[in-house]
Each structure stands twice: as structure tokens, then as C-alpha cells.
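The structure under discussion appears below in the form of C-alpha cells.
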Number of protein chains: 2
Amino acid sequence: MDAEAIKRSLEGSGLRCTPQRYAVIEFLMEHNRHPTAAEIFEAVNRVDPRSSRATTYNNLRDLVQAGLVREVAVEGRAARFDAKGMRHHHFICDRCGNVEDIEWYDVPRPASGSLGQRILRECELIFRGLCTKCATRHASR
Amino acid sequence: MDAEAIKRSLEGSGLRCTPQRYAVIEFLMEHNRHPTAAEIFEAVNRVDPRSSRATTYNNLRDLVQAGLVREVAVEGRAARFDAKGMRHHHFICDRCGNVEDIEWYDVPRPASGSLGQRILRECELIFRGLCTKCATRHASR
DNA sequence: ATGTCACATTAGATATAATCTAAATTCTTG
DNA sequence: CAAGAATTTAGATTATATCTAATGTGACAT
Ligand SMILES: [Mn+2]
Ligand SMILES: [Mn+2]
Ligand SMILES: [Zn+2]
Ligand SMILES: [Zn+2]
């Protein structure tokens, strides 16, 4: 996705395309590493230091609300973020907390009876276990 | 599950059955409200056996590690806990953050190719949207 | 029964993550 | 340009969770 397309998707969500906001979503689209807010803050300030911590958090919140970015809560660790490109599932490592993409496949929805009056927005499938690096280290001990 | 059974399941996991630890798991088994650590701390201290905040957190960590309790990370809010009784899925409300149980049904595993060298421990299915209370309030506005 | 030692608890300090505040800046629109 | 809305900012503040070092407890060997 090029600069113009990012700009359009921001404005299509009613968000101004500010340098700080653009830097956040551009960074997320270039990396599929699921960085934390702190990592994003550092990364965008390494290039051109002009975004405060509050702005980074504000923009992440706005981008999540606009549906352009996904937040992944990880137990006992800082939240992680990724740009919502192609649909995919997530694998979260028990040991190191890293979040990795897993190829998407369809998930059966619950019977409407078990949902009751609730309004379902999305089903999220999360896999847990040991990532490749931790599994290798685990085996050799 | 009665007191003796709780005691056995603790000791089966190599954990002493202390009054503080017992109070935590007993509270989680009696309530399926998915309380936060702070709520559990307050609840167990309303009755007799006193327990410090550190002990409450320590015991929750030990119980999760032993596989008797599940921790549910919720974006932007404190983690929530439940006793692992019957298998079930979770619904997390976008608006109020409440976690609710959804009847269990089997989840298809990913193709082994997309897992690579990773070691899969569990698949967790999470539903998101508006809980009954928030959906009702949402409709009437 | 007594001693020993690993396990467990405690109060308070500390660390980490995220949000809030109020003032300044930038953008958009008329 | 003027005016108002949106955005950014530094730093303070809150919320959540963990750490520390001293103390307590109980299982078990003797
Ligand atoms: Mn992802
Ligand atoms: Mn539950
Ligand atoms: Zn790992
Ligand atoms: Zn709700």
C-alpha cells in the first residue's frame, strides 16, 4: 500500500493524515512484528523525532477505533499492534510473548442460541504454545 | 467441587493448600464473573483469612501455571481470571470489557504446515461485540 | 518432640503501561 | 485572514503488576 492509499484510508475514516499519525500506520504496515506502543514510539522517533508518547498512544487508539489497526492484549505484557491487512489468526508464545501471524481459515460461529441478545462483531482465534525459537531452545535442554 | 476436591487438585499440582491460596480458587469456583486480581483480593479479604496483594498475585500466577485457573487479557483493562471447569469460549464486550462464558464447541486446528516448528498447546476462540446489557443500552439511543 | 529447610506470606517500595491535563500548534473552512 | 476544531506536546498522574527482604509455617528427617 503506497502513501496515497494510506492517506485515503485515514481520511476515509475521518482522521486527518498528520505526520505523526502517518508514521504510526506506515511503520505498522512495513513490519509484521506486532510491536508494542513503546517500540512504535521509539521507531517513529528514530527517523524524525517529532512525536510524543501521548500522541503515539492517541493515534494508536484512533487507528484501532477506525478499524485500521488491531490491538492484541498479551497477559502480563504490553499490548501489541498490527495493521489490519489480510485476515489472519495469531499465535502467542507462552514463553516470550511474541505474537506471530497464522494463515487465515474460516471459523465456525457459535449457535445463535448461545449468543442470546449479544451483538457479535468478530470471532478471533488465538493459538498458544511455543514459538519456533522457544520450541528449539526448549528441546535442547 | 467440595473442599476436599480443591485440596486434592492443589496438591496434585504440587501446591500446598494454604488458606490464602484456597480462598482464591474457592472464590473463582463459586463465581463465574471473571474477576480481576484486585476484585479477588478484596473479596477474599472481606471474610476471614487475610491475604496481602502480593500473595493474591503470587497465588493467581501459581494457579495459572498449574493449569487450574485461566487468565484472560483484556485490552486496556486489568486481566481477568476464571477457574478452568468445563471447557468454554469467551465473549468480551467492546464497551464495558466484561468477559462472559460461551458454550463450548470444537475448533478446527490449523494445518500443520502453517504451524511450522511451533508447539501448539491450545486454541482459544474469543468473541467480541456488545454484551446483552450494552447491546440493550446501545439500541435505545 | 525437635530441628531444619523449602515453601509461603507480608507491607511497602518499585517497575511498567497507559491515560490525563492544559497549553500550544496546526489544519480546515468560510 | 479569522475562527473553530482537531491535533500535538511535556509532564504529571493513574492503574496494574512485580519485587524485596523480613517473617512465618509446615512437612519431614532424626
Ligand atoms: Mn498480525
Ligand atoms: Mn470463563
Ligand atoms: Zn517464544
Ligand atoms: Zn458490555
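Order of the sequence lines fixes the chain letters, A, B, ..., with proteins taken first and strands second; residue numbering starts at 1 for each chain.
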When the distance from [atom1] of [X] to [atom2] of [N] is rounded to whole Å, what number comes out?
X     : N      : atom1 : atom2 : value
A:L60 : C:dA17 : CG    : P     : 14 Å
A:E75 : C:dT16 : CD    : P     : 19 Å
A:D62 : D:dA6  : CG    : C1'   : 10 Å
A:F41 : D:dT8  : CZ    : P     : 13 Å
B:N59 : D:dC19 : CG    : C1'   : 16 Å
B:Q20 : D:dG24 : CD    : P     : 14 Å
B:K7  : D:dG26 : NZ    : C1'   : 12 Å
A:N45 : D:dT8  : CG    : C1'   : 12 Å

| field | OP1 or OP2 of C:dA8 under 4.0 Å from side-chain N/O of B:T55 | value |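 Negative; the distance criterion is not met.
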
| request: Evaluate the salt bridge (Lys or Arg N to Asp or Glu O under 4.0 Å) criterion for residues A:R128 and B:E124: first the C-alpha distance (whole Å), next the side-chain angles of each, then the deciding distance (0.1 Å), finally the verdict. | output: CA-CA 8 Å; A:R128 295 177 184 279; B:E124 187 181 0; 2.8 Å; yes

| said: Using side-chain contact (heavy atoms from CB on, under 4.5 Å), reason through A:I126 and B:I126 one step at a time and then give a plain yes or no. | reply: CA-CA 8 Å; A:I126 292 176; B:I126 293 175; 4.0 Å; yes

| Among C:dA8, D:dT8, C:dT10, the one nearest B:R50 by side-chain distance | C:dT10

Polar pairs (N or O, both sides) under 3.5 Å between protein and nucleotides 18-26 of chain C?
{"unit_1": "C:dA18", "atom_1": "OP1", "unit_2": "A:A79", "atom_2": "N", "d": "3.2"}
{"unit_1": "C:dA18", "atom_1": "OP2", "unit_2": "A:Y57", "atom_2": "OH", "d": "3.2"}
{"unit_1": "C:dA18", "atom_1": "N6", "unit_2": "A:R53", "atom_2": "NH1", "d": "3.3"}
{"unit_1": "C:dT19", "atom_1": "O4", "unit_2": "A:R53", "atom_2": "NH1", "d": "3.3"}

Interatomic distance, [X] atom [atom1] to [Y] atom [atom2] [nearest 0.5 angstrom]:
X      : Y     : atom1 : atom2 : answer
A:F81  : A:I40 : CZ    : CD1   : 6.0 Å
A:C131 : A:D94 : SG    : CG    : 9.5 Å
B:I92  : B:N98 : CD1   : CG    : 10.5 Å

| task | Please work out if A:T18 contacts a base, only the sugar-phosphate, or nothing of the nucleic acid, heavy-atom cut-off 4.0 Å. | result |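 Sugar-phosphate, backbone atoms only, no base.
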
| message | Could you work out how much the helix from C:dA1-D:dT30 to C:dG30-D:dC1 bends, comparing the axis of its first five pairs with that of its last five, to 10°? | response |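 Overall, the helix from C:dA1-D:dT30 to C:dG30-D:dC1 bends by 30° from one end axis to the other.
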
| query | Which of parallel (below 30°), tilted (30 to 60°) and perpendicular (above 60°) describes A:W104 and A:H89? | reply | parallel

| Are B:R118 and A:F91 in a cation-pi contact, defined as NZ or CZ under 6.0 Å from the six-membered ring centre and within 45° of the axis? |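 Cation-pi check for B:R118 and A:F91: passes.
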
| query | Are B:L120 and B:R109 side-chain neighbours, meaning at least one heavy-atom pair lies under 4.5 Å? | reply | yes

| field | Donor-acceptor contact below 3.5 Å, side chain B:H90 vs main chain B:E100 | value | no

